[in-house]
Novice: 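Take this structure, written in structure tokens, and hold onto it; I'll ask about it next.
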Amino acid sequence: TNDLLRKAIAYRPVITQLYSECTDSYIADDTWELAIGVHNILEAYDHATKIFSYVYEPNVHLVISECITIFYHLLKHTHDDTNPYLKPILADMMDKWKAYFTDFPYIYGIATILDPRFKTEVLTKVIEFYYQSLDRPSTDVHNYVGTCKKYLAELYDYYASVYNPKR
């Protein structure tokens with residue numbers, strides 16, 4: 001669907017003219033705006049799906065950032081009043097999103113901390129944005145990041161004790 005919409009939007013003038021010549025009616029601008037809105041949302045899902053489908057490259061450190069990107073697009077289009085047809089669809093999508101992604105597993109937070117591009121500071125900022133959008137208290141951010149750091153320290157201590165030679 002995303003590829004179809006991308007190609008149709010690129011040929012918007014041609015498709016509109018051909019449709020009007022064949023049917024004695026036209027494709028309204030709000031229909032094209034709906035197609036563009038759906039395409040923008042699906043583009044975020046498409047990008048994340050490609051990243052999550054990597055087999056020979058590590059990708060677990062990108063899960064939180066990609067999920068936040070998808071959530072950002074859903075949130076942006078939910079508050080966008082230019083396309084009222086998307087409102088009920090996006091409301092359902094946001095409900096499903098909140099049912100599945102209110103909390104991220106700690107392994108994703110640990111992997112994000114280990115990514116040199118993100119570290120703890122970026123993870124904190126991203127989770128703050130996410131929790132504010134979900135109307136969750138800021139203490140949850142510090143609890144999540146703190147727990148990720150605690151688990152990371154425990155993992156380090158465990159492997160240091162196993163692989164560190166005793167003198």
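What's counted below: heavy atoms across the whole structure, side chains too, no hydrogens, waters or symmetry copies.
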Novice: Working to the nearest 0.5 angstrom, can you tell me the gap between T120 OG1 and L152 CG?
Specialist: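 Separation between the atoms: 8.0 Å.
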
Novice: State, yes or no, whether a side-chain contact exists between L90 and K76 at a heavy-atom distance under 4.5 Å.
Specialist: no

Novice: Would you call K7 and D3 a salt bridge, using N to O less than 4.0 angstrom?
Specialist: no

Novice: Measure the acute angle between the ring planes of Y130 and F104, then classify it against the limits of 30° and 60° as parallel, tilted or perpendicular.
Specialist: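 Rings of Y130 and F104: tilted, as their planes differ by 30° to 60°.
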
Novice: For side chain to side chain contact (heavy atoms under 4.5 Å, CB included), just list the numbers for V122 and R117, CA-CA rounded to whole Å, side-chain angles, deciding distance to a tenth of an Å, and then say yes or no.
Specialist: CA-CA 8 Å; V122 174; R117 296 172 298 168; over 6 Å; no

Novice: Classify the side-chain pair E128/Q132 by whether it contains a donor and acceptor separated by less than 3.5 Å.
Specialist: no

Novice: For the pair Y72 and F129, name the ring-plane relationship: parallel under 30°, tilted 30 to 60°, perpendicular over 60°.
Specialist: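 Taking F129 first and then Y72, their aromatic rings sit tilted (interplane angle of 30° to 60°).
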
Novice: Considering non-hydrogen atoms only, spot the tightest contact between I70 and A44 and give its length.
Specialist: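 Closest approach of I70 to A44, heavy atoms only: CG1-O, 3.8 Å.
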
Novice: About how many Å separate CG of L42 and CG of L4, when rounded to the nearest 0.5 Å?
Specialist: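 Output value for this atom pair is 10.5 Å.
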
Novice: Quick check: do T124 and K119 have side-chain heavy atoms less than 4.5 Å from each other?
Specialist: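 SC-SC contact between T124 and K119 ruled out.
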
Novice: As a quick check of understanding, evaluate side chain to side chain contact (heavy atoms under 4.5 Å, CB included) for T69 and H47, giving each step before the final call.
Specialist: CA-CA 10 Å; T69 302; H47 184 261; over 6 Å; no

Novice: Compare every heavy atom of A8 with every heavy atom of I15, then report the nearest pair and how far apart it is.
Specialist: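 Nearest pair, atom of I15 first, then A8: CD1-O, 3.5 Å.
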
Novice: Do the side chain of N143 and the main chain of T139 share a donor and acceptor less than 3.5 angstrom apart?
Specialist: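 Pair found, side chain donor or acceptor close to backbone of T139.
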
Novice: Of all heavy-atom pairs between H61 and F118, which one has the smallest distance, and what is that distance?
Specialist: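 Minimum heavy-atom separation between H61 and F118: O-CE1, 3.9 Å.
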
Novice: Check whether any side-chain heavy atom of Y144 lies under 4.5 Å from a side-chain heavy atom of D103, and answer yes or no.
Specialist: no

Novice: Examine distances only and state if a side-chain atom of N59 and a backbone atom of F52 form a donor-acceptor pair shorter than 3.5 Å.
Specialist: yes

Novice: Taking only Lys NZ, Arg NE, NH1 and NH2, and the carboxylate oxygens of Asp or Glu, determine whether K98 and D135 approach each other closer than 4.0 Å.
Specialist: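 So K98 does not pair with D135 through a salt bridge.
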
Novice: Heavy atoms only: give me the nearest C148-G109 pair and the separation to one decimal.
Specialist: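 Smallest heavy-atom distance, with atoms named: SG-CA, 3.7 Å.
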
Novice: Taking the side chain as C-beta and beyond, is there a heavy-atom pair between K125 and V141 under 4.5 Å?
Specialist: no

Novice: For Y108, is there any backbone N or O sitting under 3.5 Å from a side-chain donor or acceptor partner on T112?
Specialist: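 Such a contact is found between T112 side chain and Y108 backbone.
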
Novice: Give a yes or no on whether L18 and I9 share a hydrophobic cluster (residues Ile, Leu, Val, Met, Phe, Trp, Tyr; joining criterion: side-chain heavy atoms under 4.5 Å apart).
Specialist: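 No, L18 and I9 fall in different hydrophobic clusters.
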
Novice: Using 0.5 Å steps for rounding, measure from the CD atom of E43 to the CZ atom of R6.
Specialist: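 These two atoms lie 4.5 Å from each other.
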
Novice: Just checking, any donor-acceptor pair under 3.5 angstrom between side chains of W97 and T102?
Specialist: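 The answer is no; no qualifying pair exists.
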
Novice: Work out which heavy atom in C67 is nearest to a heavy atom in F101; give both atom names and the distance.
Specialist: SG-CE2, 4.1 Å

Novice: Verify the cluster assignment for Y163 and Y156: are they in a single hydrophobic cluster under the rule of side-chain heavy atoms below 4.5 Å apart?
Specialist: no

Novice: Would I36 and R12 count as a side chain to side chain contact (heavy atoms under 4.5 Å, CB included) if you check the C-alpha gap in whole Å, the side-chain angles of each, and the deciding distance to 0.1 Å?
Specialist: CA-CA 11 Å; I36 291 168; R12 178 180 177 172; 3.9 Å; yes

Novice: If you round to the nearest 0.5 Å, how far is OG1 of T31 from OH of Y26?
Specialist: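 Result: 9.0 Å between the selected atoms.
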
Novice: Nearest 0.5 Å, what's the CD1-CG distance between I110 and D115?
Specialist: 14.0 Å

Novice: Does the pair K87/D92 count as a salt bridge with the N-to-O cut at 4.0 Å?
Specialist: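 Looking at D92 together with K87, the answer is no, because their closest N to O distance does not fall below 4.0 Å.
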
Novice: State the CG-CZ distance between L74 and F71, to the nearest 0.5 angstrom.
Specialist: 7.5 Å

Novice: Would you say that T49 contacts E66 through its side chain, given a criterion of any heavy-atom pair below 4.5 Å between the two side chains?
Specialist: no

Novice: Indicate yes or no for a side-chain donor-acceptor contact from N2 to the backbone of D46 under 3.5 Å, with no hydrogens or angles considered.
Specialist: no

